[in-house]
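Quick note: numbers below take in every heavy atom, side chains included, and nothing from hydrogens, waters or symmetry partners. A note on names: the letters A, B, ... follow the listed sequences, proteins ahead of strands, and every chain is numbered from 1.
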Amino acid sequence: MPNQTPGHSHPAMPSPGITLGCDYNYEQWPEAVWHEDMALMRAAGIDLVAVNIFGWSSIEPQPGRYDFAALDQIMDLLHANGIRVNLGTGTASPPPWLTHRHPEVLPVTADGTTRFPGGRQAWCPSSPIFREHALALVEQVAHRYGDHPALAMWHVSNELGCHNALCYDDASAQAFREWLTRRYGDLDTLNRAWGTAFWSQRYADWAEIAPPRLALSVRNPAQLVDFHRFSSEALLEHYLCEADILRGHSSAPVTTNFMVTAHIRNLDYWKWAPAMDVIANDHYLDHRLQDPVAELSFAADLTRGLAGGRPWMLMEQATGAVNWQPYNLTKAPGQLQRNSLTHVARGADALCFFQWRASAQGAEKFHSAIVPHAGTQTAVWREVLELSATLDRLAEVGGSTVEADTAILFDWESWWATDTEARPSQGVRYLDQVHAAYRALRELGVTTDLVSPAADLSRYRAVVVPCLHMVRDRDATALSDFVHAGGHALVTFYSGIVDEHDRIRLGGYPGAFRDLLGVTVEEFVPLPPGAETTLDSGARATAWTELLHTTTAETVDRYTDGPLPGVAAVTRNRHGAGQAWYVATALDPADLRDVLRRAIRDAGVTACGPESDGTVEVVRRRGHDHRYTFVINHGDKDIEHHISGHELVADEPAGPVLRVPAGTVRVVRQEQPR
Amino acid sequence: MPNQTPGHSHPAMPSPGITLGCDYNYEQWPEAVWHEDMALMRAAGIDLVAVNIFGWSSIEPQPGRYDFAALDQIMDLLHANGIRVNLGTGTASPPPWLTHRHPEVLPVTADGTTRFPGGRQAWCPSSPIFREHALALVEQVAHRYGDHPALAMWHVSNELGCHNALCYDDASAQAFREWLTRRYGDLDTLNRAWGTAFWSQRYADWAEIAPPRLALSVRNPAQLVDFHRFSSEALLEHYLCEADILRGHSSAPVTTNFMVTAHIRNLDYWKWAPAMDVIANDHYLDHRLQDPVAELSFAADLTRGLAGGRPWMLMEQATGAVNWQPYNLTKAPGQLQRNSLTHVARGADALCFFQWRASAQGAEKFHSAIVPHAGTQTAVWREVLELSATLDRLAEVGGSTVEADTAILFDWESWWATDTEARPSQGVRYLDQVHAAYRALRELGVTTDLVSPAADLSRYRAVVVPCLHMVRDRDATALSDFVHAGGHALVTFYSGIVDEHDRIRLGGYPGAFRDLLGVTVEEFVPLPPGAETTLDSGARATAWTELLHTTTAETVDRYTDGPLPGVAAVTRNRHGAGQAWYVATALDPADLRDVLRRAIRDAGVTACGPESDGTVEVVRRRGHDHRYTFVINHGDKDIEHHISGHELVADEPAGPVLRVPAGTVRVVRQEQPR
Amino acid sequence: MPNQTPGHSHPAMPSPGITLGCDYNYEQWPEAVWHEDMALMRAAGIDLVAVNIFGWSSIEPQPGRYDFAALDQIMDLLHANGIRVNLGTGTASPPPWLTHRHPEVLPVTADGTTRFPGGRQAWCPSSPIFREHALALVEQVAHRYGDHPALAMWHVSNELGCHNALCYDDASAQAFREWLTRRYGDLDTLNRAWGTAFWSQRYADWAEIAPPRLALSVRNPAQLVDFHRFSSEALLEHYLCEADILRGHSSAPVTTNFMVTAHIRNLDYWKWAPAMDVIANDHYLDHRLQDPVAELSFAADLTRGLAGGRPWMLMEQATGAVNWQPYNLTKAPGQLQRNSLTHVARGADALCFFQWRASAQGAEKFHSAIVPHAGTQTAVWREVLELSATLDRLAEVGGSTVEADTAILFDWESWWATDTEARPSQGVRYLDQVHAAYRALRELGVTTDLVSPAADLSRYRAVVVPCLHMVRDRDATALSDFVHAGGHALVTFYSGIVDEHDRIRLGGYPGAFRDLLGVTVEEFVPLPPGAETTLDSGARATAWTELLHTTTAETVDRYTDGPLPGVAAVTRNRHGAGQAWYVATALDPADLRDVLRRAIRDAGVTACGPESDGTVEVVRRRGHDHRYTFVINHGDKDIEHHISGHELVADEPAGPVLRVPAGTVRVVRQEQPR
């Protein structure tokens, strides 16, 4: 992670301090409401408003006929009210006239059936017809508003790939072939990379290659991984095309809203991040998960990783419930502020909401908003006002950076490769394993960076590598170098198994890390659901074990029962001052935490918060002259934290003991030690 | 519900008294069996036989070549045996030659794939080719049999829309556009009604509109509701076309068999009912439900509602098991009679079975019948004979009408709107909520009418409004007027939220009923599965709560825990003598019964039966000179009921205490009090 | 089952004794590995190697351009190393160039959507284009290698029908029509056989008939059964076409690998078996089943039945885990040998593994192999060497035949008919019921043949008939003749219900066996899930009961509760010395075992092993001069078995008490009693 100059705001941030913003879908409301909204936005202290996100059918109601009257008026109104604009290119969903005239623009699923208009994102990322029409619109918008005084930044499309990332139509097939040609150069190389000797899949001509459409049996896993890579890049290419046009007309920063969240996995944001002038993320609590609050912190930290440690924007969150989960739980009193400040603690310098005013119609009419259906005589409205005031008091935090000396390696390619069709156990899913490691560190009070396997690891004391199934040679070497240089690494099972072409690294698992860890594994021994095995330490494990032999490692813990009694389950290998731990099984959360506690202590990692069950988070941001300690109390009991300084939320002196009431957040400013 | 002249048989009923009938698929049997069947039908007292329901491929074996020899013979045989005919138009399923020559007739599902012949109803309701061929057949049948002496009534097609109600092919798209043009007149109106400003869905040309085919994301909910409306009307139009031809050739009454049952929801029978000369329903116990017996009573009451309170026909039921559920349970001894008389108690003046003789072949060969595979040396045959004799003794009940001073509002449009794709909680389903209210009233001994939200409510003391999510202004006003006129209403949660275009009624939920109920709701607060909250009264609730404020209402009960402690959960608002209750959560059954008990006592509602766990039902039919009290004992213990008169089933004097043996039904005739 | 001359090896077996073999996908490895593999194969005592199974895209890399260089070299290498070849025709999966040039070759599913290349078996069995190209390849292969000295046998395609058995495209439709024309001769006969009078399905022209593609409602069950028959025969026809070419060039035996296993059901192997020169099966433990080990024995016995009692080949098994189940459990130490010898005990004279060397790439890279990814310093490799040595010591067992005087009737047609779409209870599945009977006999220590309903039953003392729903007249008569000749039969519920056209046998269930069993059943009375009923004996039953009357049978046990108290549940009908038992309900396993224990004792059946919970199996093979008793101990405790002779596995004298250590197998040779 590059060293940032702390204490200075990100140049592409729309405003100094902590920005408060929202989406504004003015098209859905009559003009009278616009004026009411301006007054309310001022009352709420809104700094930044995103408009024209789904504007296409409004501003180009018929092919080539543009109508900017309403958007002109909105831009001017916002400007007149001192509010800056995050201007959408409007291409997120094509208007009905486009898909009606060109149904070949529509996405096609793996089974070869078409998905139709009626929702959103009904377009194939590789469609040249869509591209042509979308860019023509962007040209118009960029030309018209590129130097509008309200313009703060550009918002390309919206949540790119949320639904349409994987498209299997003929246009995608053609683009996939071109991408493969660039990647492999000749067919022999591709045939070797994909292992097409298996099941008689050798290609004799590029034209024979297609997307991995639904087959009667398991598909080629290397083809699947490459199709994921291609699909991520196809959308990135679309982004770049729009961004190029914008940059030709405007000096405002350009970005799009990522979806770093549990149920979206099709874009490799490590590849996307460099193309963004500022990193923006959309995040919604997912109540389908076991621990939605921990996932919020995880997503925030991963977004910061994408931003290279610099401040980032939360481009969308909800004031209350969403509408697309089976059970759309709302937020408890205080949770809006607590969730919001958790994002700030972890590096967000902007908090935006989807959306300003709850829609009365359409598929998202039950999605919460700043102005609910019931209006402003509501708790939600009052909580937004309170948040706004808090953010004003936290303005000085803007531009500071989060302190962490521990990192977790995270990789979208490993996610794709791990969760493939035929594998040792469907009980092992990549994200679960990463979340398990993250939660353990969070509960140990450790702030963690989430970085790419290709990142510079030298600034960390400890690096955790959960389930990094697919790993490149150079990244495996980098981890080894890190340990040989005195770093501490902890690797969990199913890591280092395949190379970037999804080829097994032969000679004993985990091929990429055998020497680093000092172990060799003959065979994976998954456990059936419900089965549990016990270790010498009393720890319990499920889902996965390995027939493992230590070579240079020492055994830390071993199975007492199950299919592999006496076999090592946790090992440690020393390389000078460096250490490489291996956890060869899925430990229960408390037991994984025990192992990680030992590992981070050995590594000399700083835990800036107390150990807890996850209800307390302490995170520190470092500015130029000060540091800011966020103490977040998710629990229903008041807590105390030993710290002295000036507390910004309540704006009062703090210390030596800071009391943090149940459900609240406190932020203490201290002088920066030099 | 219009006041009927009681004690007179419905003019379109096929016979006086209580008709006993069945489907007769003679095509499946050789001629020798026909003669045996005539004798058996006479022995069983069969009054009415439905034939030619699936006759098309038999009577038009090749395009335009008709062969009526067998049907002629059957019509004459039935007539000679004194049995009247419910004559099918024969169009229920097209013959293979039609779908082979015109595959464009086949239905297409939402994902754009075709459904093929091999089952039944393989036709698109909007197909002009199907229509043309079907009507040509109807013309032939009507012309040939329109004045046949055996003809009692016409049976158009069969279970219209059971499988093919929603069709997404191009013919449906064209018809949908025409329907929308008639509905909205111009595109601006449609764009506003559907909220197409959302997600860039604004239509520039009628041609751009299609059925709501499967999309990558949530579809436009207003479009979905309109497509339901269109689809229901498309089939109704087909019915009317057939009926017109029949009426041109015949004076016999025309109808078709509805499917008022838990798993069929695509036809808005409120719109269909006026087109029927007599209302007929098919009903099968559904053992997938929690309380199949209560659902039978519910369906019977709803069918009576469709009949405007007049007697109706049970056009199909089973003697034992069906074949299409996962576990096809048969009926216990006595259940055939008990279920049948429950229908009679609730207004049926005809009881018909599918089918006469159990098929030896085809998809329904394991469906029970009057003559089982094992023949007539069977319990089923003996129970049918017993039922036949009972119906003879109940003949005088025919034409009388059911007494009820309570109504539940029921609405197919609200069903469609409530169960849409993206909503606050998938734990809330319309029919469950209606069933819950119905079961509570049934267990309180109250006979309930089920009426349209557009019905005249003035004859009721109490009206219950469960989960009426979508409601028109005029219907909301009518309910308010009812209360202001002294009526008592009880509304349950998620009612009154959207208008007929699925637009949120803004300003605080439940928009349509805010003033009536004297409450305003900021926000829905669904509970996750498994969560439960307790109320002051000790009542327990699940699934749903609301952040509610009373304005003019008094609080009856409030939450003690959960996300909203102290907030009102049950309220009552007085308007002079009228009262409007609101139940803002999903109470446990016993607790909902407690609230309803209070509400109906306040309203002065008559409970004609005792409170029970649902094993006892008491229902009263009122004739011209007498009233008939049905006492139905579903339990396994004998019960006593205080009533005096003449008991018709056992044909003996009754009173002052009537003993109703376990599992039986007793019907007591009393003089009609004037 | 024909009397075999025992003690002589099957003429088509690739080698005397017990063959050890494997698949060798040399195409996946560089040439250097081939030489290493030859040495390792010799070390492992590999006798037989299958090559060219998925060779097509390697040996015909472009249309009509053949490249046999590598295969030539492999054939010669194997020969030089004394290893014989099981030579694949290479047609199992078409190369990309074929499906690219002729996409009409691709399979189409019931919903009319195509399945694409990317896995394996992406071809329509009835495609004339596929057939033409495949046979051209076979001609080349047969011509080139027909007299190669290494050639031991031909391996046609691979696991035919594993994925593509049921294809619904137009080519299949055309072939289905031709098949039906041959079967029925004229349309009237077909219309009667399929019962097309039901639901207006009468065909007026052959061209109107199609495969039973997905319909909106339940499909015609007779059409479904015929489509299963057709589909099985379509693939058999393909096999025969390849075999004809092979036999024109070569005298080596021809076969293909069956998949007698729980999750494959689309081929009627009774029809296939006569076309094989030797019967070969692929078997993998299926951990999704309740009792995977019992299913292994079942599959082995059924394979022996297909072989007419003669020795057979296990063409594929795994050394450890597979990769296609949700949780791919590996084998415990010793299990490889125990499973392998269980196959030998039940008649296998060859044990082959998929595959030699674990793939580094492709969809099966996590499938275990003889040489794991970790190489030969592994337990798996050592266990294969140990097995190889054991098989050498068991060589004399080769050619002997398994002793059994009990048979279970097994029928693929009944499987198809039983598990059809609409039926009395989806809780009744054919294979579950057969497995239940098999497990009971296995736990009683009885070795069972599995034979076709058309088999000669005269050699058996007892015949068990589980759930033989569909039965031909002549097969029902044969069972009756068997009992009248003094045999003992036990029939379980839902047997004898329909004839070969899926027509109900009228007049009381079970129509085909009413007289034999001396019972008549009015009605099926399925139980809902979770419901249980008790019998007089204390036995418990679930899922199914019947309203049954005895005619000539005596009642053995009856229900005490549930829907049919007092009704007979188990009956016995005597015909002279013969007996016919009927079990009309799904007894709990222990209770079914109790009934079967009585039945087999009455029949005088020999139990060659002890009763157990299934952890002990004793099976006897009879050779010319000796008999070989296999004692298999699946448990974790040592056991003792009373037997004297020479034990072959440990090569030491045995008796009078043989100790069989936990998890091992012992094989005792005794003189053959004359």
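Contact of Asp205(C) with chain B is not made at all, since no heavy-atom distance falls under 4.5 Å. For Gln28(B), the parts sitting under 4.5 Å from any heavy atom of chain C are the backbone and the side chain alike. If you measure heavy-atom distances from Phe54(B) to chain C, the contacts under 4.5 Å come from both the backbone and the side chain. In this structure, the portion of Val521(C) lying under 4.5 Å from any heavy atom of chain B is its backbone and not its side chain. Heavy-atom distances place the backbone of Arg192(C), and not its side chain, under 4.5 Å from chain B. Heavy atoms closer than 4.5 Å to chain C are found in both the backbone and the side chain of Ser93(B). Heavy atoms closer than 4.5 Å to chain C are found in the backbone of Gln377(B), but not in its side chain. With a 4.5 Å cut-off on non-hydrogen atoms, Pro94(B) touches chain C through its backbone but not through its side chain. With a 4.5 angstrom heavy-atom cutoff, Asn323(B) touches chain C via backbone and side-chain atoms both. Neither the backbone nor the side chain of Pro563(C) comes within less than 4.5 Å of any heavy atom of chain B. With a 4.5 Å cut-off on non-hydrogen atoms, His373(B) touches chain C through its backbone and its side chain both. Ala379(B) touches chain C through backbone and side chain together, each having a heavy atom under 4.5 Å away. There is no contact between Pro212(C) and chain B, counting heavy-atom distances below 4.5 Å. For chain C, the nearby parts of Pro61(B) are the backbone and the side chain; heavy atoms of each come within less than 4.5 Å. Contacts between Leu527(C) and chain B at a heavy-atom distance below 4.5 Å involve the backbone alone (N, CA, C, O).
Ring geometry for Tyr26(B) against Tyr24(B) counts as tilted: the plane angle lies between 30° and 60°, on a 0 to 90° scale.
With sequence neighbours left out, the salt bridge (charged side-chain N to carboxylate O under 4.0 Å, His left out) criterion links Glu500(C) to Arg472(C).
Taking 4.0 Å as the cut-off between side-chain N and carboxylate O, Asp419(C) and Arg429(C) do not count as a salt-bridged pair.
With ring centers used as reference points, Trp56(B) lies under 6.0 Å from Phe130(B).
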